[in-house]
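Step one of this worksheet: look at the structure below.
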Amino acid sequence: MRTATLGPAERAESLAGMTEGELDVLVVGAGVVGAGTALDAATRGLSTGLVEARDWASGTSSRSSKLIHGGLRYLEMLDFALVREALKERGLLLERLAPHLVKPVPFLYPLQRKGWERLYAGSGVALYDAMSMARGHGRGLPSHRHLSRRQALRVAPALKKDALIGALQYYDAQMDDARYVATLVRTAASYGAKVANRARVTGFLREGERVVGARVRDVEGGGEYEVRARQIVNATGVWTDDTQAMVGERGQFHVRASKGIHLVVPKDRIHSSTGLILRTEKSVLFVIPWGRHWIIGTTDTDWDLDKAHPAASSADIDYLLEHVNSVLSVPLTRDDVEGVYAGLRPLLAGESDATSKLSREHTVAHPVPGLVVVAGGKYTTYRVMAEDAVDAAVHGLDQRVAECVTEDIPLLGAEGYRALWNARARIAARTGIHVARVEHLLNRYGALAEELLALIAADPSLGAPMPAAEDYLRAEIVYAASHEGARHLDDVLTRRTRISIETFDRGTLSAREAAELVAPVLGWDKDQIEREVEHYEKRVEAERESQRQPDDLTADAARLGAPEIVQF
């Protein structure tokens, strides 16, 4: 395995390396599906490239509900195959592939009607647990349990007494979605994939009907590259139709974008030891434990405006607050909201106009020779989507290729994680770092936490927390640029950490210190530091302004008031 360090030098080396010969597979788009596809291809022994126009997971894959779940509500739709597949993947991630990143999370489902509802919902949750155990991957989670109203209020005192007559409690899993993708990319690189973010595909190379490569522009340095590949995988999510247009093909299916927004509030605003799942008239609403915070979401509405920066409107925020307040004894207000984020789900268009009824299943197609398209799906089943995409690409390769092995490939940081977790007290004593900080590092980096501890050993000042975002150490800011491919302040504060949604200032008070920490790694001078800080502050103000607007159209216009840090 090669080094998994993704600093500026490694990025330049990867871009140059992609042009030296013909790749077997070039993956376009580094969300969870693209990153997973690159890992799948590389671990089958194929020469692999991965390019991303912005940052790893900068689209949908950093703006989800951050759940790894089987999709309990799909049982009600009788979509047993989708639930079975997702439950298997959930188990693999918890137990084998990423135990350092994927963690169990409890949910309480309040019951509001006597008799039939407990029987109906209880049967569904019992089937959910049974399907998980039947796949042999359910041992990592406790079984569901039935609670009386008194028992439910004991674990969730925040609920109104008249909001429930009893409850069910069950378990799913969660992760930091952007951190997961960054780890996927680094794992693919460690198996030989050449990876580069801020590298935009501007067109495809054709020989007759066949796609034989892509034109790639280095958005940072401005250079143009021709990357030749025997097969290209289009994994661009909500941009699928736009990417397909570059080859003059609409494709065999259409992808529609559904907007989902989430609110982040401090832990003390909702007195509960468990997450909540509530029914709404359109879908379901989650209240998800998130460290010292709660994530509340989500909405599900059609979106046909700017794809790069979907905006949350005042109406979206009011919708979530209204529904969560319907069951809380102490209602939340706008003043309780620390962070807001909006993302777009790539849904396969069907007969229905309602995005909540469009397919969450995925599709793989080979629209023209040399080009594979993968779209749709759920975050939880990214590995299956990646396997199907590479299987389709292999059909276009005139050689024998090994079967998928990613079911047995732990992500970087997984190997040795449990042993280090058991030794966390000794690590704390050895390093002089509080055991709570060691636990924090292990649950974000797994065994790779040793690399951050080495940074701190070399410069003890990096062991201090960020003054305006004390959950994060200064070392994590440096590490984001030196090892994880962060190129700009936005990458660091929004995706490598979650400072942008976990603080009331949205990261503006951390911006200057973070910029000064990464400047030596990224070669920034004082002018560039100023540009990065100014851009970040303008982005936050544009988002705040969009969240004061009454509808999607005005929110989108307000959000677009902030310029890009680099021009596309």
Side-chain angles (χ1 to χ4, degrees), residues 4-8 10 55-58 62 66 98 100-101 103 175-186 197 264 290-293 339 411-413 417 420-421 424 427-428 431-503 505-522 524 529 532-533 536:
T5 299
L6 299 183
E10 289 78 14
D55 184 30
W56 320 132
S58 57
S62 61
K66 314 197 188 316
H100 56 313
L101 301 176
K103 304 294 179 182
M175 47 68 223
D176 182 327
D177 47 9
R179 170 144 303 284
Y180 191 94
V181 173
T183 307
L184 259 181
V185 173
R186 293 183 68 191
N197 55 359
V264 182
W290 182 254
R292 296 200 296 172
H293 317 268
L411 300 196
L412 288 178
Y417 159 71
L420 290 172
W421 180 259
R424 61 195 184 279
I427 295 171
T431 60
I433 297 173
H434 193 282
V435 67
R437 297 287 187 189
V438 174
E439 291 176 352
H440 163 85
L441 293 177
L442 288 172
N443 283 330
R444 281 172 54 77
Y445 306 94
L448 295 178
E450 295 281 12
E451 295 182 347
L452 286 104
L453 295 174
L455 287 177
I456 294 168
D459 180 358
S461 73
L462 297 180
M466 292 290 289
E470 294 192 351
D471 285 349
Y472 298 95
L473 299 179
R474 297 173 84 242
E476 296 181 76
I477 306 300
V478 174
Y479 189 81
S482 64
H483 286 69
E484 297 182 325
R487 300 287 303 167
H488 294 283
L489 192 54
D490 191 51
D491 303 341
V492 175
L493 297 180
T494 305
R495 287 172 290 278
R496 303 305 183 281
T497 69
R498 292 301 189 165
I499 294 172
S500 67
I501 58 171
E502 293 176 350
T503 57
D505 62 89
R506 308 276 175 99
T508 55
L509 296 180
S510 300
R512 184 163 300 278
E513 180 166 350
E516 290 172 350
L517 282 168
V518 302
V521 179
L522 298 175
W524 292 352
I529 291 173
E532 292 283 339
V533 173
Y536 187 81

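Heads up: numbering here begins at 1 and tracks the sequence. Predicted model only: the values in this text are computed from it and were never measured.
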Nearest heavy-atom neighbours spanning P465 and R437: CB-NH2, 3.4 Å

Pair R186-E451, salt bridge (Lys or Arg N to Asp or Glu O under 4.0 Å): steps then yes or no: CA-CA 14 Å; R186 293 183 68 191; E451 295 182 347; 3.5 Å; yes

R292 with E502: basic N within carboxylate O range, under 4.0 Å: no

SB check E476 R179 (cutoff 4.0 Å): no

Residue pair W56 / L184, side-chain heavy-atom distance below 4.5 Å: no

Reported NE2-to-CG distance for the pair H440 and L452, which is rounded to 0.5 angstrom: 8.5 Å

H483 side, atom NE2; L448 side, atom CG - distance, nearest 0.5 Å: 8.5 Å

Flag, side chain of D505 to backbone of T508, donor-acceptor distance under 3.5 Å: yes

Check against side chain to side chain contact (heavy atoms under 4.5 Å, CB included), D490 and R495: CA-CA 8 Å; D490 191 51; R495 287 172 290 278; 3.4 Å; yes

Rounded distance (nearest 0.5 Å) linking atom CZ of R444 with atom CG of L473: 9.5 Å

Sidechain N-carboxylate O distance under 4.0 Å for D177, R498: yes

Heavy-atom pair of closest approach, residues L442 and A449: CD2-CB, 4.0 Å

Inter-residue atom distance L522.CG - E532.CD, 0.5 Å rounding: 8.0 Å

R496: which of D55, D491, D176 passes side-chain hydrogen bond (donor to acceptor under 3.5 Å, both in side chains): D55

Parallel, tilted or perpendicular: rings of Y417 and W421 (30°, 60°): tilted

Least distance between heavy atoms, A511 atom then Y536 atom: CB-CD2, 4.1 Å

S510 versus A469, closest heavy-atom pair with distance: OG-CB, 3.8 Å

Spacing of L493 atom CG and I477 atom CD1 [to the nearest 0.5 Å]: 6.0 Å

Donor-acceptor pair, side chain of S500 and main chain of G507, under 3.5 angstrom: no

Candidate pair L517 and M466, rule side chain to side chain contact (heavy atoms under 4.5 Å, CB included), full reasoning: CA-CA 11 Å; L517 282 168; M466 292 290 289; 3.9 Å; yes

Side chain to side chain contact (heavy atoms under 4.5 Å, CB included) assessment of I529 paired with R512: CA-CA 8 Å; I529 291 173; R512 184 163 300 278; 4.3 Å; yes

Audit row: T503, L509, side chain to side chain contact (heavy atoms under 4.5 Å, CB included) steps and yes/no: CA-CA 9 Å; T503 57; L509 296 180; over 6 Å; no

Min side-chain heavy-atom separation L462-Y479 under 4.5 Å: no

Side-chain donor/acceptor of E10 to backbone N/O of G7, under 3.5 Å: yes

Contact summary for S482 and T5, nearest pair of heavy atoms: O-CG2, 3.2 Å

Side-chain heavy atoms of I456 within contact of I433, under 4.5 Å: yes

Which atom of H434 lies closest to which atom of A428, heavy atoms considered: C-CB, 4.2 Å

Reported CG-to-CZ distance for the pair L455 and R474, which is rounded to 0.5 angstrom: 12.0 Å

